[in-house]
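Computed over heavy atoms, backbone and side chain alike; hydrogens, waters and symmetry mates excluded. What you are looking at is a predicted structure, and each value in this text was computed from that prediction instead of being measured.
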Amino acid sequence: MQQNPNHLGVLQIEPTDLCNLSCTMCAPHHEGWAQVHGVPKGRMDLGRYKRIIDHLVAEDCRFDHLIFQWLGDPSVHPQLEEMLAYAQEHLAGRVGYLRVDTNAILLTPERMDRLVALYARRPELPLLMVFTIDANTAATYERVKGQDALERVRRHVRRFLMQRARLPIQDVRLNVELQFVLQEGNAHELEDFVRYWDGTLRCYGAKGHSEVMIKRLSVGAGGQAQRDADALFESAVALTGLRPQKQPHMELKLWEASPWEAPQSSGSGKPVNQPRPPCPGLWVTPVIRHDGHLVMCCADLSSELDLGPVHEHGFRALWEGKLAVQRRLAHLQGRHHEVGPCGECGGIQWYTLRPEQIAQTLDRAE
């Protein structure tokens with residue numbers, strides 16, 4: 001994330017918390033939870049979504065980028081393309097780029113064509129498509145994702161790449177990330193996954209940025225399960241000898257850092273008794289749930305840090321309001337246990353908290 005003092009972090013908007021897969025790494029969908037956020041599952045109403053975007057514009061809210069996804073798969077929402085088009089029309093110049101995270105199963109060739117055409121309407125606003133694939137064979141895909149759909153996914157992604165390659169645009173910023181979340185069920189396919197997509201991307205040329213991301217599994221909120229996942233990641237990567245690299249047609253990325261804050265330790269491996277730092281989540285990861293409610297942290301799946309409906313109150317009134325400031329102040333004073341789920345959470349570390357953000361909190365507290 002860029003260090004721009006004018007933006008309010010990375011905004012996530014959840015088109016739906018419904019998903020068409022039951023990935024082993026995703027407890028809510030793998031275990032079939034009736035509810036994820038403490039509210040009925042559903043899809044965001046398009047009229048409500050437009051009111052939210054209108055509030056963001058009226059309040060001059062700016063974000064590093066906007067992600068269309070939280071718990072479900074956004075492609076399950078039949079009006080995803082309309083949501084993207086409305087964001088393009090109203091948020092250009094207010095966000096660095098738009099991002100969609102999806103398994104691509106429901107993004108048929110026709111929908112892929114619409115996505116490419118959608119970008120071509122406003123090519124000045126970059127669009128990043130993150131395709132979470134996580135397997136290189138049908139058997140492994142079914143084992144870790146819950147159904148046999150790998151060939152369909154590959155066909156849909158190849159269609160996207162082909163249409164992107166045909167764009168009559170000089171500077172294409174329709175970017176793609178092919179994601180492999182490394183876990184027990186797929187670690188043996190890591191090298192073959194990279195080889196397959198390296199060859200595929202080479203075939204479609206270097207128009208737009210393409211990357212293969214080898215990602216660590218994020219487990220709960222840290223702890224021993226996360227350390228085990230990190231150890232598996234490190235051993236699998238070491239076994240293949242893969243290293244980050246950049247080629248004209250593809251960039252290979254490895255997520256090096258553990259996703260959760262680890263307890264500081266001495267040389268003996270025992271934790272050092274030092275104050276826990278405030279978590280950047282409460283400052284830079286706003287999430288708008290599918291029912292329009294603003295949640296303060298992307299790691300708060302149960303929505304204990306719910307601030308209220310954006311479509312009724314606006315974004316700034318909630319994000320900069322009394323309740324939000326009280327929660328941030330508790331973090332700054334080391335009272336994490338008083339802030340919803342924060343006492344049991346390891347704290348996210350894929351973002352950083354800037355000094356000016358702390359100063360703003362203290363000013364508002366006064």
Side-chain angles (χ1 to χ4, degrees), residues 1-13 56 59-67 69-70 94-97 99 215-216 218-223 226 230 253 255-265 271-289 293-308 310 315-366:
M1 187 176 71
Q2 300 172 4
Q3 296 299 300
N4 182 343
N6 295 318
H7 72 59
L8 296 165
V10 175
L11 176 64
Q12 289 182 236
I13 294 181
L56 297 179
E59 297 171 351
D60 192 28
C61 297
R62 298 170 184 268
F63 302 93
D64 183 84
H65 60 279
L66 189 153
I67 303 174
Q69 195 262 342
W70 191 18
R94 299 177 185 277
V95 298
Y97 60 96
R99 167 175 167 166
K215 190 174 179 181
R216 292 174 185 257
S218 176
V219 184
Q226 184 64 57
D230 291 341
K253 290 186 174 182
W255 188 347
E256 300 288 0
S258 180
W260 304 101
E261 294 175 353
Q264 298 183 15
S265 61
V272 174
N273 187 21
Q274 293 186 358
R276 176 182 165 185
C279 176
L282 297 190
W283 280 262
V284 300
T285 66
V287 184
I288 300 178
R289 207 168 56 195
H293 279 238
L294 179 61
V295 181
M296 290 189 73
C297 180
C298 62
D300 177 24
L301 304 189
S302 60
S303 299
E304 293 181 57
L305 303 179
D306 181 1
L307 292 173
V310 178
F315 183 89
R316 288 190 182 275
L318 299 173
W319 193 245
E320 299 172 354
K322 181 177 180 180
L323 180 57
V325 171
Q326 287 175 335
R327 289 169 173 169
R328 295 185 187 115
L329 191 61
H331 264 238
L332 292 174
Q333 296 173 347
R335 298 180 287 111
H336 301 76
H337 62 283
E338 296 180 13
V339 186
C342 298
E344 302 298 323
C345 178
I348 64 174
Q349 65 174 20
W350 51 89
Y351 298 122
T352 57
L353 181 59
R354 303 192 309 270
E356 60 266 29
Q357 291 170 317
I358 295 175
Q360 289 170 357
T361 297
L362 295 175
D363 287 344
R364 291 196 182 103
E366 290 181 4

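At least one side-chain heavy atom of Leu8 sits under 4.5 Å from a side-chain heavy atom of Glu320. Using a 4.5 Å cut-off on side-chain heavy atoms (C-beta onward), Pro280 and Thr285 make no contact. Two residues are said to be in side-chain contact when any heavy atoms from C-beta on lie closer than 4.5 Å; Ile288 and Leu11 meet this criterion. Under the 4.5 Å side-chain criterion, counting only non-hydrogen atoms from C-beta, Val295 is not in contact with Glu304. Taking the side chain as every heavy atom from C-beta outward, Cys61 and Arg316 approach each other to under 4.5 Å. Side-chain contact between Arg289 and Asp306 is present, with at least one heavy-atom pair separated by less than 4.5 Å. The shortest distance between side-chain heavy atoms of Asp363 and Gln360 does not fall below 4.5 Å. Taking 4.5 Å as the limit, every side-chain heavy atom of Leu307 sits out of range of all side-chain heavy atoms of Pro286.
Atom OG1 of Thr361 sits about 12.5 Å away from atom CD of Gln326, to the nearest 0.5 Å. Rounded to the nearest 0.5 Å, atoms CG (Asp60) and CZ (Phe315) are 12.5 Å apart. Between atom CG of residue Leu282 and atom CG of residue Leu332 there is a gap of 9.5 Å, rounded to the nearest 0.5 Å. Here the CG-CG distance, from Leu294 to Leu318, works out to 5.5 Å after rounding to the nearest 0.5 Å. To the nearest 0.5 Å, atom SG of residue Cys342 and atom CE of residue Met296 are 8.5 Å apart.
Every side-chain contact (heavy atoms from CB on, under 4.5 Å) that Gln12 has, sequence neighbours left out, goes to Ile67, Trp70, Val287, Cys298.
Closest heavy-atom contact between Val284 and Trp319: N-CZ2, 4.2 Å. Taking both residues in full, the closest heavy atoms of Gly347 and Cys279 are given as CA-SG, 3.9 Å, listed atom of the first, atom of the second, then distance. The minimum heavy-atom distance between His65 and Tyr97, with the atom names listed, is CB-O, 3.2 Å.
Note on ring orientation: taking the six-membered ring where Trp is involved, the planes of Trp283 and His331 are perpendicular (angle over 60°, cut-offs 30° and 60°).
In this structure, the side chain of His336 engages the main chain of Pro277 through a donor-acceptor pair within 3.5 Å. Remark: the backbone N or O of Glu256 is paired with a side-chain donor or acceptor of Arg216 at under 3.5 angstrom.
For residues 326-340, the pairs satisfying salt bridge (Lys or Arg N to Asp or Glu O under 4.0 Å) are Arg335-Glu338, with sequence neighbours left out.
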